[in-house]
Amino acid sequence: FAAVGSSKAWAFYQASIDPHRPEQLSLMGELREALTRGQLELFYQPKLTLPTRRLDSAEALVRWQHPVRGAISPDVFIGMAEDTGNIQRLTRWVLETAIAQVSQWRVQGLQLRVAVNLSAHDLGDADLPQYIVDLAALHRLPHEQLTLEITERAVIGEFDAVSRVLQQLGEEGFHIAIDDFGVGQSSLSYLHKFPIDELKIDQSFIKHLNDDSDDRIIVRSIVELSHDLGYHVTAEGVEDEGTLDYLASIGCDHAQGYFVARPMNADSLAHLITTQPKSSHA
Ligand code: C2E
Ligand code: MG
Ligand code: MG
Ligand code: MG
């Protein structure tokens, strides 16, 4: 049975890893060590609340500073972590680091909501909700200060298991956001079965808002429908002022993107939040 299991695992590898690129194989081996050697770091990208034009929350984005290769994108190593069975450790490291950071900011008088990304595999982890509850208790973090982002693609997995995990997290008062909305082939009527607080519109719809009237219609409709269903809406990938102003004009709640701010380390984020004008534009 062990042999069958391992050959299955190998088949899974081959599906996602190019065997002609041996450097990927060695990288996968190094990922586990990266976790223990402190090569991973969390960056934080602020989110702007549009009606008040205040920065009041941030998304934690993991970074791998490889000693030889330099910065490696999470788009590369999250998939590797999933394929090699390291995603549970990685997710728990991210959660622990982010929660410890938010509660440290709290002690310093900085009230911020922070979002952590979960992977599809995490939603099959029945112990995850209790793990997060215990972490929050340890760090005295009010549950509403933590948002869990789940891609639209991830919730299309096994309905019962995903539903149980999200239900538990929702009942505990954590916020739940659907990430990359619009590219995952699902529908709002399907997503509405889950306890969702926020919808994040994928950046591919936001990129061309200045000149593409079809994307304007789509985004305006998503915002309206989301509000009718009781969700907050965030636009991802806002790169210029025209886009930001358009989003504000259609009642979008939050904006995130390089025009607002790039992802930055924890100290830079704290500095930016505490030195922002009391109320710009308002
Ligand atoms: P995401 O959660 O949708 O995060 C947004 C990504 O878009 C980030 O890339 C961010 O740096 C980038 N971005 C933000 N604003 C702009 C913009 O204006 N223009 C453009 N072109 N890009 C923008 P990043 O940090 O490389 O992360 C990529 C993805 O990796 C994330 O997409 C998320 O799905 C995943 N990820 C990141 N951190 C974690 C983590 O701790 N755990 C898990 N499971 N996944 C993570
Ligand atoms: Mg995200
Ligand atoms: Mg809720
Ligand atoms: Mg996204």
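Quick caveat, the model's predicted, so the values are computed rather than measured. In what follows, every heavy atom counts, from backbone to side chain, and hydrogens, waters and symmetry copies are set aside. As the structure lists them, so they are numbered: ligands from 1, and atoms in each ligand from 1.
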For ligand 1, the portion of [X] having any non-hydrogen atom under 4.0 Å away:
X	result
Val94	side chain
Asp179	side chain
Gln256	neither

- Query: Does a salt bridge link Glu198 with Arg113, judged by any charged N lying under 4.0 Å from a carboxylate O?
  - Reply: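 Salt bridge between Glu198 and Arg113, a charged N being under 4.0 Å from a carboxylate O: no.
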- Item | Arg53 and Asp245 ion-paired at < 4.0 Å |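 Looking at Asp245 together with Arg53, the answer is yes, because their closest N to O distance falls below 4.0 Å.
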- Please determine which of Ile150, Leu169, Leu148 meets the side-chain contact (heavy atoms from CB on, under 4.5 Å) test together with Leu123.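 Filter result, single survivor: Ile150.
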- Query: Would Asp179 count as a contact for the Mg ion (ligand 4), in the sense that one of its N, O or S atoms lies under 2.8 Å from it?
  - Reply: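 Yes - counting backbone and side chain alike, Asp179 has an N, O or S atom under 2.8 Å.
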- If the Mg ion (ligand 4) is the vertex, what is the angle to OE1 of Glu236 and OD1 of Asp180, rounded to 10 degrees?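 My answer is 140°, to the nearest 10°.
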- Answer yes or no for Glu59: is there a heavy-atom contact with ligand 1 below 4.0 Å?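 Judged by the 4.0 Å heavy-atom criterion, Glu59 does count as contacting ligand 1.
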- Could you tell me which atoms of ligand 1, counted from 1 in the order shown, lie closer than 4.0 angstrom to a heavy atom of Glu236?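 Heavy-atom distances to Glu236 below 4.0 Å select 3 (O).
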- Item | Atoms of ligand 1, numbered as shown, that sit under 4.0 Å from any heavy atom of Asp75 |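 The atoms of ligand 1 under 4.0 Å from a heavy atom of Asp75 are 28 (C), 29 (C), 30 (O).
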- Query: Can you tell me the protein heavy atom closest to atom 13 (N) of ligand 1 and the distance?
  - Reply: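 Protein heavy atom at minimum distance: Tyr258 CE2, 3.7 Å.
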- Item | Within-cutoff protein neighbour (heavy atom, under 4.0 Å) for atom 22 (N) of ligand 1 |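 Yes, because at least one protein heavy atom sits under 4.0 Å from atom 22 (N) of ligand 1.
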- Item | From the candidates Asp240, Asn117, Ile150, the one that places a heavy atom nearest atom 44 (N) of ligand 1 |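 Selected option, by shortest heavy-atom distance: Asn117.
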- Pick from Glu239, Lys200, Arg262: the one approaching atom 19 (N) of ligand 1 most closely through a non-hydrogen atom: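 Result: the heavy atom closest to atom 19 (N) of ligand 1 is in Glu239.
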